[in-house]
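Just so you know, residue 1 is the first one in the sequence shown, and it goes up from there.
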Amino acid sequence: FIADSNTYIKTYRGEADNFEGSYINIDASYLGPIMVLKIFQGNNYLILLFNVCVFTSSVIYIARILGVNSLYVASLLLISPLTISSLLSVNKEIFLFSFLAFALDSHFKKSFLLFLIALLFAIFVRWQFGVFYILLLLIGRWRQVLSSRARLLFAILDDTSITTAANIF
């Protein structure tokens, strides 16, 4: 469950064989985990405490935004062994909870600052995840533009057909 954690710890200690010196790479992302290791100086107990705090605050934040019971949401998430393992050691997946909280809040409040914070957390997970998030938002915006143009075209056609029918009678 915590296979990546050993890689991050070895990289932090300078013992990794496969680390090429870049925290963000095409096939790997070390930014989030290495940052956590540096902040807490590799202390596993502080990292565990940090992960639990991130998880708890994110679940409460998400539950409040969606109007659901945070204890219920946390219980459902904690059933998964992957969630438990994410809390035990350094990993990049813990930032998914913060990303989701800020992305949801950004969506509902239409806040650019919250979008940037969500994007930062997405990059802590993987840079590709950040790109995916931006593309998802652009596609959503593009669909809204097309949808509004389609409604306008329908309204014009509908108005034209009503006017034509009125002129016939």
Side-chain angles (χ1 to χ4, degrees), residues 1-140:
F1 285 118
I2 54 176
D4 285 347
S5 295
N6 292 329
T7 303
Y8 302 134
I9 292 168
K10 284 182 179 180
T11 302
Y12 168 72
R13 292 180 181 159
E15 302 168 357
D17 297 331
N18 60 348
F19 183 65
E20 299 170 7
S22 176
Y23 292 133
I24 298 178
N25 208 340
I26 294 293
D27 60 344
S29 180
Y30 294 90
L31 182 63
I34 295 297
M35 180 188 68
V36 169
L37 283 163
K38 284 185 177 187
I39 289 171
F40 297 111
Q41 299 175 351
N43 185 319
N44 287 328
Y45 298 111
L46 291 177
I47 292 170
L48 170 66
L49 183 62
F50 169 77
N51 287 346
V52 169
C53 287
V54 167
F55 174 78
T56 305
S57 61
S58 296
V59 167
I60 290 169
Y61 195 46
I62 291 166
R64 188 172 353 120
I65 292 167
L66 298 177
V68 295
N69 185 328
S70 58
L71 186 60
Y72 179 73
V73 173
S75 299
L76 286 176
L77 289 170
L78 290 171
I79 290 172
S80 169
L82 292 174
T83 303
I84 298 290
S85 68
S86 293
L87 299 175
L88 295 177
S89 186
V90 66
N91 63 75
K92 59 184 175 258
E93 288 77 16
I94 196 67
F95 294 110
L96 286 172
F97 296 109
S98 298
F99 161 77
L100 186 57
F102 283 103
L104 282 170
D105 207 15
S106 166
H107 173 74
F108 288 120
K109 291 182 179 175
K110 307 291 186 219
S111 168
F112 186 69
L113 178 62
L114 292 172
F115 158 76
L116 289 177
I117 295 170
L119 183 61
L120 179 67
F121 281 112
I123 292 170
F124 285 163
V125 176
R126 283 190 165 273
W127 68 266
Q128 296 94 329
F129 190 59
V131 170
F132 176 74
Y133 176 50
I134 291 171
L135 288 175
L136 189 66
L137 292 175
L138 290 174
I139 289 169

Engineer: Does F115 have its ring centroid less than 6.0 Å away from the ring centroid of Y133?
Structural biologist: yes
Engineer: Say you draw a straight line from OG of S89 to CG of L37; how long is it, rounded to the nearest 0.5 Å?
Structural biologist: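 If I round to the nearest 0.5 Å, the distance is 8.0 Å.
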Engineer: Can you tell me how the ring of F129 sits relative to the ring of F99, calling it parallel under 30°, perpendicular over 60° and tilted otherwise?
Structural biologist: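 F129 and F99: perpendicular rings.
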Engineer: Within this structure, what is the NZ-CD1 distance for the pair K92 and I34, rounded to the nearest 0.5 Å?
Structural biologist: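 The NZ atom of K92 sits 10.5 Å away from the CD1 atom of I34.
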Engineer: Within the structure provided, determine whether L100 and I62 are in side-chain contact (heavy-atom separation under 4.5 Å).
Structural biologist: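 When only atoms from C-beta onward are counted, I62 and L100 do touch, with a gap below 4.5 Å.
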Engineer: Is any side-chain heavy atom of F108 closer than 4.5 Å to a side-chain heavy atom of L104?
Structural biologist: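 Side-chain contact under 4.5 Å: yes.
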Engineer: Hey, does N43 have a side-chain heavy atom less than 4.5 Å from the side chain of F50?
Structural biologist: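 Not touching, per the 4.5 Å side-chain cut-off.
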Engineer: Given N44, which partner from the list L88, I9, V90 fulfils the side-chain contact (heavy atoms from CB on, under 4.5 Å) test?
Structural biologist: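 Of L88, I9, V90, side-chain contact (heavy atoms from CB on, under 4.5 Å) with N44 is met by I9 alone.
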Engineer: Please give me the minimum heavy-atom distance between S58 and A101, naming the atom from each residue.
Structural biologist: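 Closest approach of S58 to A101, heavy atoms only: O-CB, 4.1 Å.
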Engineer: Over all heavy atoms of both residues, which pair between F95 and P33 is shortest? Give the atoms and the distance, please.
Structural biologist: CE1-N, 4.4 Å
Engineer: Contact between L77 and F97 at the side-chain level, heavy atoms closer than 4.5 Å - yes or no?
Structural biologist: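 Yes, at least one pair of side-chain atoms sits under 4.5 Å.
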Engineer: With rounding to the nearest 0.5 angstrom, report the OH to CE distance, Y8 to M35.
Structural biologist: 12.5 Å
Engineer: Side-chain contact test, heavy atoms from C-beta onward, threshold under 4.5 Å: evaluate it for F121 versus V125 and give yes or no.
Structural biologist: no
Engineer: Between OH of Y61 and CG of D105, what distance do you get to the nearest 0.5 Å?
Structural biologist: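 Taking OH in Y61 and CG in D105, the distance rounds to 3.0 Å.
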Engineer: Working to the nearest 0.5 Å, report the span between OG1 of T83 and CG of L96.
Structural biologist: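 Rounded to the nearest 0.5 Å, the OG1-CG separation comes to 10.5 Å.
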Engineer: Do V52 and L48 touch side chain to side chain, with heavy atoms closer than 4.5 Å?
Structural biologist: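 V52 vs L48: side chains touch.
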Engineer: Any heavy-atom pair between the side chains of R126 and F132 that's under 4.5 Å?
Structural biologist: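 Heavy-atom side-chain distance check fails, nothing below 4.5 Å.
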Engineer: Hey, does the side chain of S5 reach the backbone of N91 with a donor-acceptor pair shorter than 3.5 angstrom?
Structural biologist: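 Absent.
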Engineer: Rounded to the nearest 0.5 Å, what separation is found between the CG atom of L49 and the CG atom of L87?
Structural biologist: 11.0 Å
Engineer: Go through the steps for F40 and Y45 under the test side chain to side chain contact (heavy atoms under 4.5 Å, CB included), then give the verdict.
Structural biologist: CA-CA 9 Å; F40 297 111; Y45 298 111; over 6 Å; no
Engineer: Can a donor-acceptor pair be found, under 3.5 Å and without considering hydrogens, that links the side chain of S85 to the backbone of L82?
Structural biologist: yes
Engineer: Would you call L31 and W127 a side-chain contact if the rule is heavy atoms closer than 4.5 Å?
Structural biologist: no
